[in-house]
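Side-chain atoms are counted along with the backbone in the values below, which use heavy atoms only and exclude waters and symmetry mates.
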Protein chains: 2
Amino acid sequence: MSTPARVRLAPEVRREQIVAAAQRLYSEQPYDQVSTAALAHEAGVARGLINHYFGDKRELFLEAMRRSVVMPEPELPYFPDKPLDERTRLVVEWILDAAGEYGQAWVNASGAANLHGSSDVQAVIDAADERAARLVLDAIGLPDDEALRVRLRSTAPLFKSVCREWLQRGTLTREEAVSLLTSTILLFVRQEHA
Amino acid sequence: MSTPARVRLAPEVRREQIVAAAQRLYSEQPYDQVSTAALAHEAGVARGLINHYFGDKRELFLEAMRRSVVMPEPELPYFPDKPLDERTRLVVEWILDAAGEYGQAWVNASGAANLHGSSDVQAVIDAADERAARLVLDAIGLPDDEALRVRLRSTAPLFKSVCREWLQRGTLTREEAVSLLTSTILLFVRQEHA
DNA sequence: CAGGCTATTGGCAGAGTGTCAATAACTCCC
DNA sequence: GGGAGTTATTGACACTCTGCCAATAGCCTG
């Protein structure tokens, strides 16, 4: 055999490998139906290694979630010369397209499933929403103001639920979704001045 | 001792007792940190009884969730003589007050925490949101139209996130929350005609 | 008060989780 | 090229948790 029974990798590489496997499994089954044995098997690794790298099954789950939940980073469109509402519409369209291609993970993670007030899962999602709000604010060309960011991040769950109606249920058209969300954003960022 | 070691109750009573205990525990700890032993102990019951009544630990969790997640039933205000936007505002105020008194559970349950597309938890929340949309539509005095209900239920997560900003983080005032949500509802139910 | 119905229990078997000392892959240096 | 050291990786062990089921004993009815 060309590959020895045991392969030794750089820690970061192995970490990635395990997280990737976790993302794969958790995209098909909920948390408590995925055993550490299954996770280890999918990653092609001994079960103990999961605890070595992540300490905890839950911690690995959170790490996988952090990756799946983040809005795709890159260049949001920016058109300084166009009016605010048009810039906003373009940003919304960009987000919806990204959601469409990028997969369901972002759409499906809109809040805490447990009833617990401050859960670790909620913290992960909050961080992602906060970051998204920052990016959008920047793309629209508004200052990264505390009050503005509060308003924008509270619309993040709305984005996800509207996307669900559009993508998964087909109860809204893309155009309707764009229109509703654009108007909402404008509503939220403008009402600050009132 | 006045109470015998074993007490025999009517099934519905015992069910309630167990669900109530579960609600109590799940409001403090996430799902996978609550053992069936703890649930049974809290309810003052043998562990096996949980499986007898609910079959599954998960099923008990979902039942507890169903109760915590539902918007308080009763009479939403209704003022047929006032204009639409004023009626809407009154309904929004009623909901926010209810959220304020009623506790955090409703606010905290805004979506699925796992990455899994169609989760059982999501189904419970969807049902609650659907029902809430129906109630609100009725209170505002609009017809229970499919298209309208789609729009309204997609705003449910927004209600929850705005309430979180207001109640838990204090980053929005009550008045701001009322104003933002009222405008959003009007936006969503009106844009249908466009 | 006896007998039956069934709510309730306790213990068992299997699966899952975290820990830890032992193992062996890879590197560095001679 | 080979030996020693570093540390990534493993496998087994102890423990907890879950679901199941036959045995038990409240409560009701006659």
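Of all nucleotides listed (dT9(D), dT9(C), dG18(C)), dG18(C) comes nearest to the side chain of Asp56(A). The side chain of Ala46(A) lies closest to dG11(D) when the candidates are dG11(D), dG10(C), dG19(D). The listed nucleotides are dT9(D), dT19(C), dG11(C); the one nearest the side chain of Asn51(A) is dT19(C).
Side chain Arg47(A) to base dG18(C): a donor-acceptor pair is found below 3.5 Å.
Contact annotation: Tyr53(A) reaches the phosphate of dT9(D) (side-chain N/O to OP1 or OP2, under 4.0 Å). For dT9(D), one of the phosphate oxygens OP1 or OP2 lies less than 4.0 angstrom from a side-chain nitrogen or oxygen of Arg14(A). For Arg6(A), no side-chain nitrogen or oxygen approaches OP1 or OP2 of dT23(C) to under 4.0 Å. Phosphate proximity of dG16(C) to Thr36(A): absent, as no side-chain N or O sits under 4.0 Å from OP1 or OP2.
The distance from atom CD of Glu59(A) to atom P of dG18(C) is 11 Å, rounded to the nearest whole Å. Here dA15(C) presents its P atom at 18 Å from NZ of Lys57(B), a figure rounded to the nearest Å.
Nearer the 5' end of DNA chain C, as judged by each residue's closest nucleotide, is the contact made by Arg8(B), out of Arg8(B) and Ser35(A).
Contacts classified as salt bridge (Lys or Arg N to Asp or Glu O under 4.0 Å) and involving residues 86-100 of chain B (residues at least two apart or in different chains) are given here: Lys82(B)-Glu86(B), Arg89(B)-Glu93(B), Arg89(B)-Glu175(B), Glu93(B)-Arg174(B), Asp97(B)-Arg174(B).
The side chain to side chain donor-acceptor pair (under 3.5 Å) check on Asp32(A) picks up Arg58(B), with sequence neighbours excluded.
A stem is defined here as three or more consecutive Watson-Crick or G-U pairs, each with both distances under 3.5 Å; for DNA chain D these stems are C:1-30 with D:1-30.
Ionic pairing of Arg169(B) and Asp126(A) is present here: one or more N-O contacts between side-chain nitrogen and carboxylate oxygen are shorter than 4.0 angstrom. Classification of Arg47(B) and Glu42(B) as a salt-bridged pair fails, no side-chain N sitting under 4.0 Å from a carboxylate O.
Across all strands shown, Ile50(B) has no heavy atoms under 4.0 Å from either base or sugar-phosphate atoms.
Panel note: side chain Thr155(A), backbone Leu158(A); no donor-acceptor pair is recorded below 3.5 Å.
When only modelled atom types and interatomic distance are considered, Ser154(A) and Glu165(B) share no side-chain donor-acceptor pair under 3.5 Å. Between the side chains of Ser179(B) and Glu176(B), no donor N or O sits under 3.5 Å from an acceptor N or O.
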